[in-house]
There are 2 protein chains.
Amino acid sequence: MSAVATREQRPLRADAERSVRTILEAAEKVLAANPTASLEQVAEAAGVARTTVHRRFANRQALVDAMVRNVLDQVEAVIDSGHPDTAPPLVALHQITANVLAVKLGWPFAMQESFAPGSKWAEGQRHINARCVRLLTRAQAAGLLAPDTDLDWACKVYYALIGEAAHNTSSTDPQLLATKVVETLLHGVGPRA
Amino acid sequence: MSAVATREQRPLRADAERSVRTILEAAEKVLAANPTASLEQVAEAAGVARTTVHRRFANRQALVDAMVRNVLDQVEAVIDSGHPDTAPPLVALHQITANVLAVKLGWPFAMQESFAPGSKWAEGQRHINARCVRLLTRAQAAGLLAPDTDLDWACKVYYALIGEAAHNTSSTDPQLLATKVVETLLHGVGPRA
DNA sequence: ATCATCAGCAACAGTCGTGTAGCAGATACT
DNA sequence: AGTATCTGCTACACGACTGTTGCTGATGAT
């Protein structure tokens with residue numbers, strides 16, 4: 001939970017740690033609205049001086065990195081809590097979808113950034129991706145997916161649907177959105193047989 | 001086709017017009033790889049001097065605007081050629097999907113930009129969106145979509161699928177990709193009934 | 001052939017974002 | 001209470017990108 005420090009490894013004082021969190025959250029808000037916003041704007045949104053941002057994060061990249069690592073950790077944790085390897089596939093799929101949606105609703109920029117192609121986070125992406133494929137494989141074995149489905153494609157579609165659902169204006173309830181995502185993933189928008 | 005001029009309204013000389021096209025295409029390549037690339041990089045990729053870019057486009061925004069308008073026009077034209085209001089819905093859907101995919105494969109940055117939320121292109125988006133909904137309505141009437149399907153959601157899913165298909169590495173054949181997109185849109189990845 | 005237009009080039013000014021440094025006052029730890 | 005740490009503030013240096021101007025030579029149009 002703590003030690004998000006990027007510049008110093010010495011344990012931070014309580015108020016400094018609070019600053020880090022505040023800056024991360026402000027950066028999420030500001031950069032979500034404008035990915036090229038200056039650190040000045042981030043600092044202003046966080047209610048701190050610009051120099052404080054530089055004090056806690058060596059440079060812009062370090063700040064973004066901290067946001068991405070934060071969100072990747074959240075996603076991993078949230079997948080864990082959905083028991084993807086033991087719960088019934090449909091249950092796990094729904095629960096994990098809802099959980100991931102909740103993360104994405106709160107950290108849209110960091111989420112987008114962590115899944116950007118060709119980034120230094122390919123490793124983190126791969127791990128999550130592997131877990132996704134594993135879950136989909138279980139779903140396929142359970143007959144939820146067609147036997148000849150391309151799982152990589154299914155995975156991409158799944159991500160895309162989560163992305164669209166997060167942009168939705170009608171609702172921000174992860175459970176409702178998850179239902180829509182999973183339904184659409186499995187059956188599309190065509191008539192149910 | 002011509003008169004893409006952004007700075008002058010007087011008809012351009014032939015070589016100048018060629019410059020404009022070259023710059024637009026170079027900008028697409030460069031900005032697709034890095035949306036914050038400098039105009040210097042664009043100029044270099046186009047094989048012209050930076051000042052020439054400024055000669056043809058008053059500022060960065062004007063350049064991007066030209067790219068977006070270009071792509072919006074292409075998409076409109078490509079939808080036209082699919083006869084969305086007269087051809088059988090499934091045929092039109094497939095053909096338009098393939099056509100739009102072809103555009104998106106060539107102009108990924110401009111496409112992304114023109115569909116960015118909260119941009120000055122909301123008008124253009126709305127028009128295309130309306131045509132998409134109209135086509136989906138016809139598809140629904142033909143029984144291709146469930147009667148209770150939320151068409152706005154279906155539309156978003158459709159766009160997202162096109163986006164994912166365009167990122168696909170396995171194939172760049174619009175026809176094949178379109179098949180995948182339409183299939184997935186209508187039936188998801190679940191087993192066919 | 002003549003003339004308007006265009007492109008490359010060099011130089012310049014201005015703006016903005018980044019990153020650093022030092023100091024003074026406030027705040028947390030023990 | 002004493003000490004180390006943290007923050008805001010001001011100031012500065014630096015680089016990058018932008019946009020303009022004027023010139024010369026080249027090229028298209030008629």
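Just so it is clear: chains get the letters A, B, ... in the order the sequence lines come, proteins before strands, and each one is counted from 1.
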Atom [atom1] of [X] to atom [atom2] of [N]: distance rounded to whole Å?
X     : N      : atom1 : atom2 : answer
A:N59 : D:dA16 : CG    : C1'   : 16 Å
A:R56 : D:dT5  : CZ    : P     : 11 Å
B:H54 : C:dA13 : NE2   : C1'   : 14 Å
B:L63 : D:dT18 : CG    : C1'   : 13 Å
B:N34 : D:dC17 : CG    : P     : 10 Å
B:E17 : C:dA7  : CD    : P     : 11 Å
B:I23 : C:dC6  : CD1   : C1'   : 12 Å
A:L12 : D:dT5  : CG    : P     : 11 Å

What's touching nucleotides 21-23 of chain C from the protein side, N or O pairs under 3.5 Å?
none

Partners of [X] by side chain to side chain donor-acceptor pair (under 3.5 Å), sequence neighbours excluded?
X      : result
A:R13  : A:D15
B:H83  : none
B:H187 : none
A:H127 : A:E76

What residues 36-48 of chain B contributes to the DNA chain C interface at heavy-atom separation below 4.0 Å is B:G47, B:V48
Note, DNA chain C 5' to 3' with Watson-Crick or G-U pairs under 3.5 Å encoded as ( ), [ ], | and . gives ||||||||||||||||||||||||||||||
Just list the side-chain donor-acceptor pairs under 3.5 Å for residues 152-163 of chain A, sequence neighbours left out, or say none.
{"unit_1": "A:W153", "atom_1": "NE1", "unit_2": "B:T184", "atom_2": "OG1", "d": "3.0"}
{"unit_1": "A:Y158", "atom_1": "OH", "unit_2": "A:T97", "atom_2": "OG1", "d": "2.5"}
{"unit_1": "A:Y159", "atom_1": "OH", "unit_2": "A:N129", "atom_2": "OD1", "d": "2.8"}

Find every protein N or O atom lying less than 3.5 Å from an N or O atom of nucleotides 26-30 of chain D, and list the pairs.
{"unit_1": "D:dT27", "atom_1": "O2", "unit_2": "B:R13", "atom_2": "NH1", "d": "2.8"}
{"unit_1": "D:dT27", "atom_1": "O2", "unit_2": "B:R13", "atom_2": "NH2", "d": "2.8"}
{"unit_1": "D:dG28", "atom_1": "O4'", "unit_2": "B:R13", "atom_2": "NE", "d": "3.4"}

Query raised in the report: Hey, does A:R50 reach any base, or is it just sugar-phosphate, or nothing, if we go heavy atoms under 4.0 Å?
Result: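 The answer is base, as A:R50 lies within the cut-off (heavy atoms under 4.0 Å) of a base atom.
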ask   = Would you call B:L39 and B:F57 a side-chain contact if the rule is heavy atoms closer than 4.5 Å?
value = no
Worksheet item: Taking OP1 and OP2 of D:dG8, is either one under 4.0 Å from a side-chain nitrogen or oxygen of A:T52?
Response: yes
request  = Establish, with yes or no, whether the OP1 or OP2 oxygen of C:dT18 is under 4.0 angstrom from a side-chain nitrogen or oxygen of A:R60.
outcome  = yes
| More than 12 foreign heavy atoms under 6.0 Å from CD of A:E44: is that the case here? |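 No, CD of A:E44 has 12 or fewer neighbouring heavy atoms, counting only those of other groups under 6.0 Å.
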Would a single hydrophobic cluster contain both A:L90 and A:V181, if residues Ile, Leu, Val, Met, Phe, Trp and Tyr are joined by side-chain heavy-atom contacts under 4.5 Å?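 Yes, A:V181 connects to A:L90 through the hydrophobic network.
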task: Examine B:L105 and B:L176 and state if one hydrophobic cluster contains both, with Ile, Leu, Val, Met, Phe, Trp and Tyr joined whenever side-chain heavy atoms are less than 4.5 Å apart.
output: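 No.
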Which residue pairs pass the salt bridge (charged side-chain N to carboxylate O under 4.0 Å, His left out) test when at least one of the two sits in [range], sequence neighbours left out?
range                       : result
residues 79-103 of chain B  : B:D80-B:R131, B:D85-B:R134
residues 164-191 of chain A : A:K180-B:D150, A:E183-A:R192
residues 104-126 of chain A : A:D65-A:K120

In terms of heavy-atom contacts, B:E28 and B:P108 come closest through OE2-CD, 2.9 Å
ask   = Looking only at atom types and distance, does a side-chain atom of B:T179 sit under 3.5 Å from a main-chain N or O of B:Q175, one as donor and one as acceptor?
value =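 At least one qualifying donor-acceptor pair exists.
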